[in-house]
Participant: 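Take this structure first; my questions come after.
In this text, all values refer to a predicted model and were calculated from it rather than measured experimentally. Computed from heavy atoms alone, side chains included, the values below leave out hydrogens, waters and symmetry copies.
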Number of protein chains: 2
Amino acid sequence: MNQAGYAQFCPVSMAAEVLCTRWTILLLRELLFGSTRFNDLRRGLARMSPALLSQRLKELEAEGIVRRAPGASGVLEYHLTPAGEALRPIVEAMGFWGQRWIDSELSLQKLDAQLLMWDMRRRLNPAPMPRRRCTIQFQYPERPETERLWWLVVEPGKPVDLCGIDPGFEVDLYVASDLRTMTAIWMGQDTVRAALGADRLKLIGDRELAAQMQTWLGLSSLAYAARPAA
Amino acid sequence: MNQAGYAQFCPVSMAAEVLCTRWTILLLRELLFGSTRFNDLRRGLARMSPALLSQRLKELEAEGIVRRAPGASGVLEYHLTPAGEALRPIVEAMGFWGQRWIDSELSLQKLDAQLLMWDMRRRLNPAPMPRRRCTIQFQYPERPETERLWWLVVEPGKPVDLCGIDPGFEVDLYVASDLRTMTAIWMGQDTVRAALGADRLKLIGDRELAAQMQTWLGLSSLAYAARPAA
DNA sequence: CGGGATCCGTAAAGATACTG
DNA sequence: CAGTATCTTTACGGATCCCG
């Protein structure tokens, strides 16, 4: 973006020089939503090359938005500084605008199972689930093999685990739908109940877990801006 | 920015595809601040090529953010649609963030007399001025010739006029300073009184007009987010 | 496996000139 | 006034490789 940027003293211009380069807003979204490690960031930014991710992280560090430091385990972690945390209203405002003014059909043409599952892992609410390990398998039968099957493993006291290959545990609940339906539920444009009723979603297994799905699933943090169906 | 964009259903991603291309945020700033014509937009975007400006306007029109139509005088005008007006919180949030977190020294290294004067023309408040035509000349003696002298002509009932060449009227007030000082005043980081006291600003002419300068000058619409001097 | 660096082809943007 | 046309420079994407 730079070769001296826009050369304007206006603070909008100064901010745009920092924020409006390719992938930067999405990288900040991942950091604001809690990812801290290089390869976790990559999971939310599937089509961003690692070279560019590395470059952007360095730029954000130089601009005082990101701090790079080894975490508890000794592995490098990237955290937002106060200046970076202060960007949250901007990223949220962009999300709300997108929800309100972009045709949801356009969004639903850009399905991404990895991004959806990764975001679900992050927002899943274990509170209404049984106090034991629960394994939930998601099936998207129409997708290519690499993104057809996913497992979420929820264990009390541990972070939720997302697997793309069978973790070997007995499955408590099977969730089957097309990826579009699950994405629409996640974005607040559809509901578990409506999708079940219209046969776009099937739940097989633990009755309790199935009944509570709308609750433990949570929703995208941007879902509450959703436009009511036209 | 595109070759299929980011390929993510997330609304932040959808918004970023629209907003985070070079010059787009600054173009929206100009439209949000009230410019409607191609060459007026160019005045606020000095280093943007007309080819790219034309391209961006077409893109924004295709995205439903800008409407292109002939104005009352028959000349083409660009206006924001409701979807475009809804972007105001985002652009404002970026301005506030820039004011709060970018070192003002960095901003003041990107002085731009044309941008400053054009913004002053837009925000000038004629209310405290005499009820007759007033001509104010600004001098930036250290600048290259093309941006050294500016005239603001304020006439009751007419839009404020900005000239880069002598309009020929008798000057009511001469304002002389370095461009940095006037920009800092405009951004709320300095005041007329302080600059006068420190001899960074000189006012010659109508006493009344000079005394009221801080009032009729107005300030950048982003000035109230200014960080107090360290 | 985490965290990158390198190389090369393509796409976007800048500079400048020109036009209906 | 409201843009095109053309040419050069820069940024980005994608594949591959490296190293602790």
Participant: Grab the CD-P distance between B:Q55 and C:dA11 for me, whole Å please.
Facilitator: 14 Å
Participant: Using a 6.0 Å distance limit plus a 45 degree cone around the ring axis, check whether B:R121 lies over the aromatic ring of B:W118.
Facilitator: yes
Participant: With side-chain contact (heavy atoms from CB on, under 4.5 Å) as the criterion, how do B:Q99 and A:M14 come out once you've worked through the C-alpha distance, each side chain's angles and the decisive distance to 0.1 Å?
Facilitator: CA-CA 9 Å; B:Q99 274 274 44; A:M14 302 300 292; over 6 Å; no
Participant: Report, one pair per line, the protein and nucleotides 6-9 of chain C atoms (nitrogen or oxygen only) whose separation is under 3.5 Å.
Facilitator:
none

Participant: Would you please test B:I25 and B:L19 for side-chain contact (heavy atoms from CB on, under 4.5 Å) and show each step?
Facilitator: CA-CA 6 Å; B:I25 286 289; B:L19 301 176; 4.2 Å; yes
Participant: Provide, to the nearest angstrom, the distance between the CG atom belonging to A:D40 and the C1' atom belonging to C:dG2.
Facilitator: 10 Å
Participant: Does this structure show an ion pair linking A:R148 with A:E145, if we count only N-O contacts that are shorter than 4.0 Å?
Facilitator: no
Participant: Would you mind reading off the distance between B:L52 atom CG and D:dT4 atom P, rounded to a whole angstrom?
Facilitator: 12 Å
Participant: With side-chain hydrogen bond (donor to acceptor under 3.5 Å, both in side chains) as the test, pick out the partner of B:Q8 among A:R29, A:Q114, A:K110, A:R47.
Facilitator: A:R29
Participant: If the test is salt bridge (Lys or Arg N to Asp or Glu O under 4.0 Å), which one of B:R122, B:R43, B:R42 qualifies with B:E30?
Facilitator: B:R122
Participant: Is it possible for you to check whether B:R133 lies under 6.0 Å from the centre of the six-membered ring of B:F169, through NZ or CZ, and within 45° of that ring's axis?
Facilitator: yes
Participant: Taking atom C1' of C:dG3 as reference, at what distance in whole Å does atom CZ of A:R42 sit?
Facilitator: 9 Å
Participant: Starting from the 5' end of DNA chain D, give me the residue, B:L76 or A:E59, whose nearest nucleotide shows up first.
Facilitator: B:L76
Participant: Report yes if at least one side-chain N or O of B:Y78 is closer than 4.0 Å to OP1 or OP2 of D:dG3; otherwise report no.
Facilitator: yes
Participant: Ignoring hydrogens and geometry beyond distance, is a side-chain donor-acceptor pair present between A:T24 and A:T21 at under 3.5 Å?
Facilitator: yes
Participant: Taking 4.0 Å as the cut-off, does a side-chain nitrogen or oxygen of B:K58 come that near to OP1 or OP2 on D:dA2?
Facilitator: no
Participant: Among C:dG2, D:dC12, C:dG4, which nucleotide has an atom closest to any side-chain atom of A:R43?
Facilitator: C:dG2
Participant: CD of B:E105: more than 12 outside heavy atoms within 6.0 angstrom?
Facilitator: yes
Participant: Respond yes when some side-chain nitrogen or oxygen of A:S49 is under 4.0 Å from OP1 or OP2 of D:dC12, and no when none is.
Facilitator: no
Participant: Does a nitrogen or oxygen in the side chain of A:R56 sit under 4.0 Å from OP1 or OP2 of D:dA11?
Facilitator: no
Participant: Atom CZ of A:R47 to atom P of D:dA15: distance rounded to whole Å?
Facilitator: 10 Å
Participant: Do any side-chain nitrogens or oxygens of A:W23 fall under 4.0 Å of OP1 or OP2 in D:dG13?
Facilitator: yes
Participant: Do B:W101 and A:I65 touch side chain to side chain, with heavy atoms closer than 4.5 Å?
Facilitator: no
Participant: Report yes if some heavy atom in the side chain of B:T135 is under 4.5 Å from a heavy atom in the side chain of B:V154; otherwise report no.
Facilitator: no
Participant: Where do N or O atoms of nucleotides 16-20 of chain D meet protein N or O atoms at under 3.5 Å, pair by pair?
Facilitator:
none

Participant: Over how many whole Å does the gap from A:L53 atom CG to D:dG13 atom P extend?
Facilitator: 12 Å
Participant: Starting at atom CG of B:L57, determine the distance to atom P of D:dG3, rounded to an integer number of angstrom.
Facilitator: 8 Å
Participant: Ring centres of A:W23 and B:Y6 under 6.0 Å apart?
Facilitator: yes
Participant: Given D:dA2, is OP1 or OP2 found less than 4.0 Å from the side-chain N or O atoms of B:R37?
Facilitator: yes
Participant: Whether A:R68 contacts C:dG3 is assessed here as follows: a side-chain N or O lying under 4.0 Å from the phosphate OP1 or OP2. Is that the case?
Facilitator: no
Participant: So what does the secondary structure string of DNA chain D come out as, 5' to 3', with Watson-Crick or wobble pairs under 3.5 angstrom, [ ] for crossing and | for pairs with another strand?
Facilitator: ||||||||||||||||||||
Participant: Expressed as a whole number of angstroms, how long is the span from A:M48:CE to C:dA5:C1'?
Facilitator: 15 Å
